[in-house]
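Here's the structure, in structure tokens; my notes come after.
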Amino acid sequence: MSNRPSKRVTNDTGHALGRLIESDSFPCGFVSRLAEAESWRKEIYRPIYHVHKWWAKRLGSVFRATLLGSVLPEDDDLSTAFYQRHDLRHLTVFDPFMGCGTTIGEAHKLGFMALGRDINPVACESARVGLSAMDKGALMQAFASLSGSVGERIRSLYQTTDDQGNASDVLYHFWVKRVPCLHCSSVVDLFPHYVFARNAMPNRKPEVRVYCPSCSHVFPSLIHEREVKCPACSYQFDPHQGPASGANAICGSCRQSFPVAVAVRTQKRPPDHRLYAKLVLKANGDKVYMQATDVDLAAYAACSKQLAVSPDLPLPRLKLADGHNTRQAINYCYETWRDFFNDRQLLALGWLHQAILALPNETEREAMLAVFSGTLEFNNVFASYKGEGTGAIRHMFAHHILKPERMPIEGNLWGTPKSSGSFSGLFKNRLFRALEYQAAPFELALDGAARPDAERKIYGLSDPFSGTVSLMWPPEKMAPRAIHISCGSSANTGLQDHSIDLVITDPPFFDNVHYSELADFFYAWQQLRPDSRFGTKGSTRHAEEVQDADANCFAAKLRDVLSECHRVLKDDGLLVFSYHHSRNDGWTSLAAAVVGAGFTFINAHPVRAEMSVAVPKAQAKEPIQLDSLLVCRKADADARPSISPEAALQEAVERAQVKMTSLEQHGFVLSGNDRRVAVMGQFIACMSPQREAAELASILNSWSEHIDRAASGFVSNPFVPLQAKPLAAALGEAPEQMVLLEHPPEYKVAKPMPPKKKPAVS
């Protein structure tokens, strides 16, 4: 078997075939249905990529389909090949924007040799831990050791009494920010409303908990009540109307309005917080909301005192640097990442961090540090309360910005059986799920329409993960199924010329989330490790990070990376990446970078993107739920003639309409921006041949309105519901050749299912 792919294969009639992903036969609807199901429970269906937080995590099913589509001939059936075993050990895949490692993990399952590189050390550590071998028994022993020592100390910080005076655990403490009035200096609690707890499904469970601003009593009410009467002091008020609204607050003493941020800056320090309520877990498992007492306040004060006399705790010292995502926090006088935690959180985190660093075995220590780092996301003064009925703590990155939370929640950091976001909970949920998936990888198969509860797990399609992740870079020799990852700029990889068969990736967006600014929150703790694998510099920010608010700068940085990809990619190799953007300059900068690096666009496929219920998507008027899978070759391998913009737009609309109709027939409702993503991607692919970067970018600019009109004129075909095929027929194999188990009793794999056709890349 050669490790150099052929440019073309032929079918039985001698007709030249391209690869499946280059053709319009690539099944966007099938791939998107799988992606839709996975997107609802990503941490369940691909847990190896969710051991730690990273942004814009792409869906494993999409990248498995992308990898297969990049090697199979265009007349192959992906819906069959998706559920077959494959041995692609002589082919090499490179991801220059590795992130959490989705491309690397999916390539490893298919047998590729996988190389990943990322400029951010937090991303690299996340990918390394998720893909590395971990021993469940050893981890359990390490956890038991921590639980019996530092765990007991931390649990003692969250002890209280319930409404009957019995010793109980605190599940959550409820705090409110407060600032002095600019007019009379009276302290104002920044309650946007006085409803501090509600169920995640209020239509089914409308009961809420209300805080009384007169006497501090907490009591139940119903979510639709616009006027309530406190049962303790008879004060009547609207629980949905607090003193803080938008950027301003109204003082209860002088009744004057003032800007909150100005009041904060007047103090020259972050806002103070006041503890006002708690949710208590009783010994019998019941929960009760209670008012904070003097005993609770004294317990917190004791933590502050103990923290003050604990100078040797490993706590972050890194300062916030000005940036798009840090500016709002800096505006509230948060100067260091330590400021993101209250004193009890710092004390508990410091103890836990110190205990983990003292673990004798490196493998267990690194795994526990990954769980610790994930715990930070839920245990800080930027986290908020989602309510019961789901994971109760809304993590600090729910809005993709560092938004100061006016009603923060403090969870039980070690955790109880009913806690959210705790160290013990993340250890069991994140780490153990990843271990189970490594031992027995599976794929989803859907029955009928793509509903979150309509999928099955198909085991036996991949060997267990090897667990071996090499940090040797550049690799001297690539073994079959090898994984090599590296931290550094992908504009200079050190890889050999023409050594890579496929480049599969997901590049950043130029004006969106600045990953390094947010990743510094974790890096402030990661850099405290004496044996940090990826450096101990002051920030994850890097001059060569492909992230810039200026479209031209972004295009130049991306072009540098893609030019390096062009150098290391074999002449008949493919570059495939996912992308979407609502603005025209997002597309022109991308096109300039790709073509400027020596590539040409071959095709574009609209597929389901990663977000299902994310806050940014839910808040958008025209949310984008589609990515465009953009397929590229080296420009000198593209023999297609150049065509006019008019002809390109007509062809793009016709081809995009077929693909969008397929998506709609698979149950997707497309927004205006979704349609634009589909048409724009196809238009770029049609316009790309024989054009220079500047010319293509100019055409995209001048034809932007034509593309908008074409996208808005897309006519939906009548909805045709899918006919659910028997699962065996959908897979193209006999039932006895499949493993259909929700929970395999043992980690056994199915017998190999040979493909019906030879792949285009051999």
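All values derive from a computational prediction rather than experimental measurement.
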* Sidechain-backbone polar pair: E74 side chain, G18 backbone, donor-acceptor under 3.5 Å -> yes
* Ignoring hydrogens and angles, tell me if any N or O in the side chain of T661 forms a donor-acceptor pair with the backbone of Q657 under 3.5 Å. => yes
* Backbone N or O of R709 within a donor-acceptor pair of the S712 side chain at under 3.5 Å? -> yes
* To do: Check whether any side-chain heavy atom of H108 sits under 4.5 Å from a side-chain heavy atom of S466, and report yes or no.
  => yes
* Asked: Can you name the closest pair of heavy atoms from A434 and P47 and give their distance?
  -> N-CB, 3.8 Å
* To do: Report the residues that fulfil salt bridge (charged side-chain N to carboxylate O under 4.0 Å, His left out) with D118, sequence neighbours left out, ordered by chain and then residue number.
  => none
* Would the number of heavy atoms belonging to other residues, nucleotides or ligands and lying under 6.0 Å from CD of Q496 be above 12? -> no
* To do: Determine whether R19 and V71 make a side-chain contact, defined as any pair of heavy atoms from C-beta on separated by less than 4.5 Å.
  => no
* Non-hydrogen side-chain atoms of S470 and P475 separated by less than 4.5 Å -> no
* Asked: Given the rule in the side chain to side chain contact (heavy atoms under 4.5 Å, CB included) test, do M98 and C124 qualify, once you have shown the distances and angles that lead to the verdict?
  -> CA-CA 8 Å; M98 176 180 62; C124 291; 3.9 Å; yes
* At what distance, to the nearest 0.5 angstrom, does OH of Y45 lie from OG of S39? -> 10.0 Å
* Using a distance-only test with no angle check, is there a side-chain donor-acceptor pair under 3.5 angstrom linking R117 and S486? -> yes
* **Check against side chain to side chain contact (heavy atoms under 4.5 Å, CB included), F554 and V546** => CA-CA 6 Å; F554 169 79; V546 181; 3.6 Å; yes
* **Full working for side chain to side chain contact (heavy atoms under 4.5 Å, CB included) between E564 and S490** => CA-CA 7 Å; E564 178 73 350; S490 290; over 6 Å; no
* With rounding to the nearest 0.5 Å, note down the distance linking CG in L91 to CD1 in I500. => 11.0 Å
* Verify the neighbour count for atom CD of E705: are there more than 12 heavy atoms of other residues, nucleotides or ligands below 6.0 Å? => no
* Asked: Is a donor on one side and an acceptor on the other found under 3.5 Å between the side chain of H580 and the backbone of L626?
  -> yes
* Asked: So do the side chains of E22 and L574 get within less than 4.5 Å of each other, counting heavy atoms only?
  -> yes
* Asked: Under the 3.5 angstrom rule, does the side chain of R128 hit a backbone N or O of V469 as a donor-acceptor pair?
  -> no
* Side chain of R608, backbone of S32: donor and acceptor closer than 3.5 Å? -> no
* W587 vs S628, side chain to side chain contact (heavy atoms under 4.5 Å, CB included): CA-CA, chis, key distance, verdict -> CA-CA 11 Å; W587 290 97; S628 193; 4.1 Å; yes
* Asked: Taking the inter-plane angle between the rings of F94 and W473 on a 0 to 90° scale, is it parallel (under 30°), tilted (30 to 60°) or perpendicular (over 60°)?
  -> tilted
* Taking the six-membered ring for Trp, is the centroid-to-centroid distance between Y49 and F63 below 6.0 Å? -> no
* For L78 and G69, which heavy atoms make the closest approach, and how far apart are they? -> CD1-N, 4.5 Å
* State, yes or no, whether a side-chain contact exists between E106 and F112 at a heavy-atom distance under 4.5 Å. => no
* Determine, stepwise, if the pair K570 / D572 fulfils salt bridge (Lys or Arg N to Asp or Glu O under 4.0 Å). => CA-CA 5 Å; K570 295 177 181 178; D572 51 3; over 6 Å; no
* **Distance-minimising heavy-atom pair for A609 and L59** => O-CD1, 3.3 Å
* Gap between atom CD of E692 and atom OG of S698 - 0.5 Å precision -> 13.0 Å
* Just by distance, do the side chain of H324 and the backbone of E517 share a donor-acceptor pair under 3.5 Å? -> no
* **Validation row: D24, V658 side chains within 4.5 angstrom (heavy atoms)** => no
* **T540 (side chain) donor-acceptor with P121 (main chain) under 3.5 angstrom** => no
* To do: Would you check if the side chain of H605 reaches a backbone N or O of I21 as a donor-acceptor pair within less than 3.5 Å?
  => yes
* To do: To the nearest 0.5 Å, tell me how far S70 OG sits from D501 CG.
  => 11.0 Å
* Just checking, is any N or O donor in the side chain of T588 or N701 under 3.5 Å from an acceptor N or O on the other one? -> no
* Structure fact -> The residue among I504, V62, L72, V576 that forms side chain to side chain contact (heavy atoms under 4.5 Å, CB included) with L67 is I504
* Asked: Which atom pair, heavy atoms only, marks the closest approach of P507 to L558?
  -> CB-CD1, 4.1 Å
* Asked: Taking side chain as C-beta onward, heavy atoms only, is Y523 less than 4.5 Å from S516?
  -> no
* Taking all non-hydrogen atoms of both residues into account, name the closest pair between V561 and A491 and its distance. => CG2-N, 3.9 Å
* Asked: Would you call the rings of F522 and F397 parallel, tilted or perpendicular, where under 30° means parallel and over 60° means perpendicular?
  -> tilted
* Y515 and W54 aromatic centres sub-6.0 Å -> yes
* Is there a side chain to side chain donor-acceptor pair (under 3.5 Å) between S578 and D506 once you walk through the steps? -> CA-CA 5 Å; S578 53; D506 174 53; 2.8 Å; yes
* Asked: Any salt bridge between R46 and E443, counting N to O under 4.0 Å?
  -> yes
* Centroid separation F97 to F577 less than 6.0 Å -> no
Run the side-chain donor-acceptor check on residues 676-688: report pairs under 3.5 Å with partners two or more places apart or on a different chain.
residue : atom : partner : partner atom : Å
R676    : NE   : D708    : OD1          : 2.3
R676    : NH2  : N584    : OD1          : 3.3
R676    : NH2  : S704    : OG           : 3.2
R676    : NH2  : D708    : OD1          : 3.4
Q682    : OE1  : K659    : NZ           : 3.0
Q682    : NE2  : N603    : OD1          : 2.9
S688    : OG   : T600    : OG1          : 2.8
S688    : OG   : F601    : N            : 3.0

* Atom CG of L115 and atom CD1 of I104: how far apart are they, to the nearest 0.5 Å? -> 7.0 Å
* Apply side chain to side chain donor-acceptor pair (under 3.5 Å) to the pair S671 and D674, showing each step before the final yes or no. => CA-CA 5 Å; S671 70; D674 284 331; 3.2 Å; yes
* Structure fact -> Closest heavy-atom pair, A693 versus V595, reported as atoms and distance to 0.1 Å, is N-CG1, 3.4 Å
* Asked: With a 4.5 Å limit on heavy-atom distance, are the side chains of K634 and D571 in contact?
  -> yes
* Asked: In terms of side-chain heavy atoms, does E544 have a donor or acceptor partner in S489 at a distance below 3.5 Å?
  -> yes
* Asked: Does a salt bridge link R655 with E651, judged by any charged N lying under 4.0 Å from a carboxylate O?
  -> yes
* To do: Drop me the distance from L88's CG to L110's CG, to the nearest 0.5 angstrom.
  => 6.0 Å
* To do: Look only at the side chain of H484 and the backbone of M472, and say whether a donor-acceptor pair between them is shorter than 3.5 Å.
  => yes
